[in-house]
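Note sheet for the following structure.
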Amino acid sequence: MRRSRRKPERPLVGVGAGVLRLLGGRPCLDFCNTIDPREGPRAVDHLTGYADVLQCARRTGLLSSRDAAALHTYAKREASAAQRSFRSAIRLRGALHRIFTSVVREQAAPREDLAFLGSMLARAAASAGLIQNGRGFVWSWIDRAESLERPLWLIARSAGDLLTSGELARVEMCAAPYCGWIFLDQSKNRSRRWCSMEGCGSRQKMRRLYARRRAGRGRSV
Ligand SMILES: [Zn+2]
């Protein structure tokens with residue numbers, strides 16, 4: 001007898017950061033967009049553990065594959081420190097989403113979120129050092145349990161850079177209800193409305209078309 005494979009009715013929860021769609025335009029925004037969509041019963045959280053944070057940092061170009069693999073090995077040895085870093089990552093993601101949402105809405109950013117981002121940046125600065133690399137120098141990070149926070153420091157720095165840049169005026173939120181994804185509008189005439197034209201954009205077009213047809217039918221009766 002053939003076994004039929006039933007497809008799951010709802011999106012898998014916690015499928016990990018390997019399937020992330022990178023549409024934000026900056027690593028910190030892609031990190032904010034790791035809940036898909038941001039609101040509603042069908043929301044899927046792509047950050048299910050520390051490995052997903054590493055994966056996100058690697059895919060957005062903040063960490064090299066080699067550094068991500070080294071941190072992954074280190075995280076397995078220091079499981080409780082990795083868990084602490086994961087909790088901080090979730091807190092950072094919430095703080096960044098609220099900060100950038102307030103930017104889009106032209107409101108004051110929550111002070112406690114700015115303070116949390118500031119503390120993350122301060123820890124990053126305190127843990128960085130310079131090492132000589134041939135004739136030049138590179139930033140290095142002290143190899144201890146705190147270095148498991150390194151992907152978070154890099155995300156925080158990406159956010160700090162964007163918040164203090166002229167590009168901040170181009171930060172927008174997807175116009176589709178429930179989506180909540182944030183992106184940098186890099187279009188010439190600043191006309192981007194959706195996180196993706198193929199996803200939210202086409203869904204909204206279909207909705208409008210359906211609504212127009214229904215309204216048209218209503219008038220002809
Ligand atoms: Zn969207």
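The residues of the chain are indexed from 1 along the displayed sequence. Every number for a ligand or one of its atoms is a count from 1 in the order of the listing.
- Residue pairs meeting the side chain to side chain donor-acceptor pair (under 3.5 Å) criterion with at least one member in residues 167-187, sequence neighbours excluded, are Arg26-Glu167, Asp185-Ser187.
- For the Zn ion (ligand 1), the nearby protein N/O/S atoms, meaning those under 2.8 Å, are Cys174 SG, Cys179 SG, Cys195 SG, Cys200 SG.
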Mind listing the side-chain donor-acceptor pairs of residues 130-138 below 3.5 Å, one per line with the distance, residues two or more places apart or on another chain?
none

Donor-acceptor contacts under 3.5 Å from residues 103-110 side chains, at least two apart:
none

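- With hydrogens and angles ignored, the 3.5 Å screen pairs no side-chain donor or acceptor of His46 with any backbone N or O of Arg21.
- Between Asp67 and Arg150 there is a salt bridge, with a side-chain nitrogen of the basic residue lying less than 4.0 Å from a carboxylate oxygen of the acidic one.
- Ser202 places a side-chain N or O within 3.5 Å of a backbone atom of Glu198 that can act as its donor or acceptor partner.
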